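Side-chain atoms are counted along with the backbone in the values below, which use heavy atoms only and exclude waters and symmetry mates. It should be emphasised that the depicted structure is a prediction, and the values quoted were computed from it without experimental measurement.
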Amino acid sequence: MGILEVQNVNKRFGGLQALNNVNLNVEKGSVHAIIGPNGAGKSTLLNCFVGRLTPDTGSVMFNGKSLLGIKPHQINQAGVSRVFQTPEIFSDLSALENVMIPAFAKRDGAYKLNPFRRVTQESEIRDSAEEVLRDVGLADRKDLIAAEMSRGDKRRLEMAMCLVQDPELLLLDEPTAGMARADTNKTIDLLKHIGETRGITKVVIEHDMHVVFSLADKISVLAQGTVLVEDVPENIKGHPKVREAYLGEAQV
Amino acid sequence: MLKLDSKDTRLFLIVIAMTLLAPFILNPFPEGSNLAQFNAGYPDLMQRFVIFGIFAIGFNLLFGLTGYLSFGHAAFLGVGSYASIWMMKLLTVNVIPAMFASVIVSGLFALVVGYVCLRRSGIYFSILTLAFAQMSFALAYSVLTPLTGGETGLQLKAADPRILDFGAAEGSIGRASFFGIDMRASMELPVGSWLFTLNFGYYLAAFVMLIAFYVSIRIFRSPFGMMLRAVKSNQNRLNYTGVSTKPYTLAVFVISGMYAGLAGGLLVAMDTQVGPERMFWTASGEVVLMTILGGAGTLIGPVLGAGFIKYMENIVSKINSKTLEAWFGFLPDGLEDALITIVYPFVGKGWHLTLGIMFMLVVIFLPGGLVEGGKRIGGWLTGKGRKSKTDGGQEATASTPAE
């Protein structure tokens with residue numbers, strides 16, 4: 001049984017069938033990549049996992065519990081963290097504070113009104129945040145205001161914000177979009193490293209085939225709202241349907 | 001000290017010293033001199049400084065931390081005032097129960113208003129709060145007349161029951177007091193040609209303001225405060241981080257409303273009367289101006305802004321054409337008339353014009369408010385004048401200098 005099971009998900013926007021009977025089975029501890037041409041419905045699908053969109057029909061089960069109809073913060077509290085396509089961070093806060101906030105959310109739940117506690121008392125939270133910042137290579141920039149960071153650092157920061165929560169499932173929406181090759185490779189190494197040390201299940205949406213084939217244990221190919229194939233990377237490369245829908249146009 | 005770090009302790013100590021010495025600091029000009037009218041060290045005005053300081057500190061907790069711009073905060077001030085005067089009429093003229101009543105009643109009112117208004121953010125939130133405040137104003141003005149005294153408002157009367165004031169002389173009008181000490185009790189201290197007035201009411205209000213200021217520092221430095229800044233920065237991310245934002249925003253809205261209520265209660269304690277105009281939207285706008293002018297999101301900014309605006313309101317508005325003639329009298333006639341013609345629209349009844357210009361200058365050139373101005377001047381003085389601008393910006397949210 002998978003940690004994330006998606007069954008017969010349909011989503012229609014007006015006349016557009018964005019998702020058409022999508023099925024997905026993500027196994028615990030694996031890296032599951034979702035690839036597909038632009039407009040295939042990848043981000044729509046991801047949005048259905050985190051409570052941003054609700055599918056018209058179908059079910060999304062995480063650890064045997066439905067993720068549909070509950071709020072984004074409840075989904076996160078259940079153990080699902082998400083990295084966005086454009087980094088969603090707290091721009092006005094320092095890098096350290098950016099990571100401390102998710103750590104608070106992990107420890108204290110959806111809210112805890114403690115106006116008379118001092119942040120300086122929270123050494124555990126601070127330590128765990130600093131540790132994760134070290135993991136992603138931002139230890140020396142922890143006091144920098146997030147808005148002043150480079151694009152690559154912002155992505156790494158967002159990754160740290162998710163990792164500090166030790167999620168069971170990490171959703172990554174194009175984690176290397178717009179990155180230079182060197183940075184892309186760094187991110188791949190980071191993701192691999194996370195996979196080995198923390199054993200977090202990951203769902204990755206990605207355009208970059210290099211990233212997909214170096215990370216994924218399993219790949220689902222999405223085109224026009226339908227899953228064409230779901231298989232291991234070796235079989236995806238040569239699959240005629242995939243070539244036709246996606247790889248073909250890139251390689252001709 | 002007091003569970004504050006060294007920087008905050010220093011700031012707090014400076015504020016304590018300033019409030020204690022305010023009757024002297026604000027009276028720099030000798031009695032009877034040409035400049036004596038610029039003295040602000042008289043009880044009535046100093047009380048306003050600290051009371052509106054409390055109002056602005058509370059407003060800043062909401063606006064400065066979460067970015068939610070309430071345009072109806074005067075409603076809480078008004079509700080606090082009404083609660084306070086009813087306490088004095090029914091129970092006792094002692095200001096302590098009156099102040100508690102104003103905080104509790106305005107807190108409850110803020111809970112209701114906040115619950116409704118916080119369903120929206122941005123401009124819609126502002127409009128909702130404005131609507132609530134105008135509704136409160138209209139109600140106090142008309143329908144609720146039995147409770148609010150309508151247009152004439154409420155004052156203490158000889159016929160008030162005051163059931164806890166057993167010793168009070170029958171048929172006398174009560175005067176607000178603190179366990180028997182009259183709020184208006186003052187000590188005059190002539191030093192040379194200077195005259196300093198130490199007023200009991202002022203020191204009581206100042207003491208309350210210091211507590212309010214201390215609480216605000218603690219909130220700024222708490223995980224709760226950090227979450228509030230995260231709400232301002234990126235509410236979307238906060239939701240995807242597992243945080244439910246509504247309890248945080250509602251809590252700070254209520255705290256902020258309680259601050260406003262406390263200020264309203266103190267206004268009544270100093271001057272035992274209330275009218276509905278206290279809830280009018282211009283009063284709500286004023287606290288927005290105070291906070292932005294002083295520096296939203298900084299600790300001391302709102303207090304400075306409140307002081308600045310109240311000073312303008314009370315001092316600049318008193319300058320009339322006679323005063324101007326006295327100032328420019330030494331100049332040749334033509335020049336004198338010309339200068340008076342130029343300056344006149346900006347003083348006296350035209351003080352709003354001066355305030356408006358100051359406000360625009362601050363918003364355009366000092367987005368961090370007076371606090372940022374002070375910081376820049378401090379920077380030039382210590383030779384670090386060319387410190388990067390962004391650096392000043394980030395410090396403003398994290399901490400604050402005194403002047």
Side-chain angles (χ1 to χ4, degrees), chain A residues 47 49-52 71-84 87-94 96-122 125-126 143-148 157-158 161-162 164-165 167 171, chain B residues 2-8 61 64-67 214-256 258 296-297 388-399:
Chain A
N47 283 335
F49 300 164
V50 292
R52 186 175 261 194
K71 297 207 169 107
H73 74 261
Q74 292 168 315
I75 292 175
N76 175 282
Q77 290 286 349
V80 183
S81 286
R82 174 176 181 179
V83 173
F84 287 82
E88 289 267 355
I89 52 175
F90 305 114
S91 312
D92 313 325
L93 274 56
S94 75
L96 182 64
E97 287 173 319
N98 264 279
V99 185
M100 281 173 82
I101 285 166
F104 277 122
K106 172 80 178 173
R107 190 195 68 186
D108 297 340
Y111 62 93
K112 188 174 187 191
L113 306 177
N114 46 356
F116 291 106
R117 234 185 127 68
R118 283 163 290 143
V119 172
T120 45
Q121 279 175 299
E122 308 279 4
I125 296 280
R126 194 190 173 89
D143 292 321
L144 208 63
I145 295 300
E148 292 169 15
L157 178 63
E158 196 186 22
M161 292 165 72
C162 290
V164 77
Q165 297 194 312
L171 308 172
Chain B
L2 286 167
K3 299 189 171 177
L4 300 178
D5 68 18
S6 59
K7 212 171 172 185
D8 291 338
L61 284 175
L65 286 176
T66 68
Y214 172 74
V215 170
S216 121
I217 301 180
R218 288 296 300 272
I219 291 177
F220 265 70
R221 301 290 177 249
S222 68
F224 175 70
M226 196 194 268
M227 288 294 180
L228 296 176
R229 284 191 289 134
V231 168
K232 181 179 187 176
S233 189
N234 190 343
Q235 194 157 168
N236 196 28
R237 172 35 98 187
L238 203 53
N239 282 324
Y240 287 102
T241 298
V243 176
S244 172
T245 52
K246 183 86 184 265
Y248 286 100
T249 46
L250 186 56
V252 78
F253 191 86
V254 170
I255 294 173
S256 180
M258 287 161 89
S388 76
K389 207 172 127 192
T390 43
D391 200 46
Q394 49 170 285
E395 273 176 24
T397 47
S399 62

Review point. Heavy atoms, side chains only, cut-off 4.5 Å: are A:Phe104 and B:Met227 in contact?
Key: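 A:Phe104 vs B:Met227: side chains touch.
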
Review point. Quick one: does B:Val252's side chain get under 4.5 Å of B:Thr66's, heavy atoms only?
Key: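 Yes. Closest side-chain heavy atoms under 4.5 Å.
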
**Study point:** Residue list, salt bridge (Lys or Arg N to Asp or Glu O under 4.0 Å) with B:Arg218, at least two apart or on another chain
**Key:**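 None.
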
Exercise for review: Please look at B:Leu238 and chain A and tell me whether the side chain, the backbone, both or neither of the residue comes under 4.5 angstrom of a heavy atom of that chain.
Suggested key: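 Both parts, backbone and side chain.
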
Review point. Considering only heavy atoms, which portion of A:Ile89 lies under 4.5 Å from any heavy atom of chain B: side chain, backbone, both, or neither?
Key: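 Only the backbone of A:Ile89 comes within 4.5 Å of chain B.
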
Point to revise | Side chain / backbone / both / neither for A:Arg82 at chain B, heavy atoms under 4.5 Å | key: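 Backbone only.
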
Review point. For chain B, which of A:Met100, A:Lys112, A:Lys71 has the most heavy-atom pairs under 4.5 Å?
Key: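 Max contact count across the listed options: A:Lys112.
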
Point to revise | Closest-packed option against chain A by number of heavy-atom pairs under 4.5 Å, given B:Gly225, B:Ser233, B:Ala230 | key: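 Greatest number of close heavy-atom pairs with chain A: B:Ser233.
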
Practice item. For the pair B:Asp8 and B:Arg221, find out whether any cationic side-chain nitrogen is under 4.0 Å from an anionic carboxylate oxygen. Key: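 Looking at B:Arg221 together with B:Asp8, the answer is yes, because their closest N to O distance falls below 4.0 Å.
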
Exercise for review: Any side-chain hydrogen bond (donor to acceptor under 3.5 Å, both in side chains) involving residues 237-247 of chain B? Give me the pairs, sequence neighbours left out, ordered by first then second residue.
Suggested key: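 The answer is A:Arg52-B:Tyr240, A:Glu158-B:Arg237, B:Gln235-B:Thr245.
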
